[in-house]
Amino acid sequence: MRQDVRLFIFLALGFVLGGALLGWWLASGGLTPGREAREASMLTQTAQARVLEVLETGELETGGETRTFQVVSIEVLDGPQEGQLFSLEFGRFQALPEGVRLSPGDRLMVSLQPSPEGETVAFFADFIRTQPLALLGVAFVLFVLLVSRWKGLRGLIGMVLSFAVILGFILPQILAGRDPLLVSIVGSALLLAVTLYLVHGWTVKTHTAVVSTVAALVLTGILAAIFVRSTRLSGFGSEETLFLTQLLGQELNVRGLLLGSILIGALGVLDDLIVSQVSVVFELFRADPSKSRAALFRQAMIVGRDHIAATVNTLVLAYVGASLPLLLLFTFFAEPFILAINRELVAEEVVRALVGSLGLMSAVPLTTALAVRVVQRSGTAKGLPAWMGPMTLDEHVMHHHG
């Protein structure tokens, strides 16, 4: 391997290791939200409750429509109010799908709030869905293990650790007032270190994927920063952001939060696309090691273009699906396209989708070129350094059992 390529790999691995060390250092610096945020979060207590009895069923007129409501008796199942009984009105203060009714034994999430008279009042918050969600999760895990076996198990462990990084590092850091973009970059490095090497092992293929992902991620971050600034997006494109700024009681870098969300969203898709493209190059080389560098790049890019087309379409449809109620709202009011797309709610999603797509499109030729360079070097007499491990995890396993 030429010196510049070896240096490139060392720099990428150093970035991942440095990100992990920086994350550890930042995590030791007090990550709990401020007192104002904790006090604000405790204004309303959310608890589980069980419906004991339907006390009343009636109808009310709202906006020319007739809506059914119920008054039910509930028992609080946890929290400071555990065991206490409350009366709850269901369907009076919220729009519900037709036919949704409460019955004795139903389990709910309720909000317990103090009234002006000093009494505690219960409001319907949501249904408890833990049982069907648990069944769905078990089915997902079993299917992954059935199809992917031990590699699927490593993937599941990597997914759990990814959530641990997000919930245990990225979110607390942002709540503590640190720059969301810096936190997202460090968190992405941690995710790379955890997931790629856990799933694919210490192999040449994994090193190549890490280098490519880091490069594509940096490029995506630069593009996101350029277009968020040029489109003058403030970051207040959602009600959740407005609520956060009020709840935290401290200044939140909402534009940085937007940039961080774009970066983390792109990382999830880049991970899948880049690993697949590296695998294509390695398998093409394994099938015919005599291929020239140009032929190997050209054949791998045929598959890469299909990856780009399918993944970009998937990415855009995912953003459209998430924004479907908003799009329906603009369609209902028949607002001109030039006005609708200029609204921050819409422009923010457009920037997310197009910046993510640009990152994907740039990742494929970059990944292909690097993977071709690496596998071509492995076929020379000098070969690759022993510290880089086997070419792939499967090759190591086959060699071990052989």
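We number each residue from 1, following the sequence as shown. Computed from a predicted structure; not experimentally measured.
- The closest side-chain heavy-atom distance from Phe285 to Val372 is not below 4.5 Å.
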Trace of the side-chain hydrogen bond (donor to acceptor under 3.5 Å, both in side chains) decision for Ser276 with Ser279: CA-CA 5 Å; Ser276 298; Ser279 295; over 6 Å; no
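- Proximity of Leu233 to Leu258: side-chain heavy atoms (C-beta onward) are separated by under 4.5 Å at one or more points.
- A pairwise comparison of heavy atoms in Val54 and Leu102 identifies CG2-O, 3.7 Å as the closest pair.
- Counting all heavy atoms, side chain and backbone alike, Gly359 lies closest to Thr220 at CA-OG1, 3.4 Å.
- Between the Ser148 side chain and the Leu145 main chain, no donor and acceptor come within less than 3.5 Å of each other.
- One finds the CG atom of Leu85 at 8.5 Å from the CD1 atom of Ile74 (value rounded to the nearest 0.5 Å).
- Interatomic distance, Thr195 OG1 to Met159 CE, rounded to the nearest 0.5 Å: 12.0 Å.
- A side-chain donor-acceptor contact under 3.5 Å links Asp78 to the backbone of Gln48.
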Yes or no on side-chain hydrogen bond (donor to acceptor under 3.5 Å, both in side chains) for Arg101 and Thr68, after CA distance, side-chain angles and deciding distance? CA-CA 9 Å; Arg101 302 287 185 271; Thr68 301; 3.3 Å; yes
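- Interatomic distance, Phe169 CZ to Leu191 CG, rounded to the nearest 0.5 Å: 9.5 Å.
- Between the Glu344 side chain and the Ser234 main chain, a donor and an acceptor come within less than 3.5 Å of each other.
- Within the 4.5 Å cutoff, the side chain of Val51 has no heavy atoms near those of the Ser103 side chain.
- Side-chain contact check for Leu263 versus Leu259: every heavy-atom pair is 4.5 Å or farther apart.
- More than 12 heavy atoms of other residues, nucleotides or ligands sit less than 6.0 Å from atom CZ of Arg293.
- In this structure, a donor-acceptor pair under 3.5 Å is absent between the side chains of Gln113 and Thr120.
- Between Ala122 and Leu112 the shortest heavy-atom distance is CB-CD2, 3.7 Å.
- The main-chain N or O of Trp202 is never found under 3.5 Å from a side-chain atom of Thr206 such that the two would form a donor-acceptor pair.
- Gln277 and Thr368 form a side-chain donor-acceptor contact under 3.5 Å, judged by distance and modelled atom types alone.
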Show your working on side-chain contact (heavy atoms from CB on, under 4.5 Å) between Glu56 and Glu89 and close with a plain yes or no. CA-CA 9 Å; Glu56 178 186 350; Glu89 294 186 352; over 6 Å; no
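- Annotation: side chain of Leu133 is not in contact with side chain of Gln131 (no heavy-atom distance under 4.5 Å).
- Counting heavy atoms from C-beta outward, Tyr197 and Val210 have side chains that approach closer than 4.5 Å.
- Side-chain atoms of Arg352 and Ser261 include a donor-acceptor pair closer than 3.5 Å.
- Annotation: side chain of Phe86 is not in contact with side chain of Glu75 (no heavy-atom distance under 4.5 Å).
- Closest heavy-atom contact between Gly187 and Val165: O-CG1, 4.0 Å.
- Among all heavy-atom pairs drawn from Ala209 and Ile274, the shortest one is O-CG2, 3.8 Å.
- No side-chain heavy atom of Val110 sits less than 4.5 Å from a side-chain heavy atom of Thr46.
- Between Phe127 and Phe90, the angle of the ring planes goes over 60°, which puts this pair in the perpendicular group of the 30/60° scheme.
- For Ala125 against Ser111, the heavy-atom pair with the smallest separation is CB-OG, 3.8 Å.
- Using modelled atom types, one finds no donor on one side chain facing an acceptor on the other under 3.5 Å when comparing Gln376 with Lys291.
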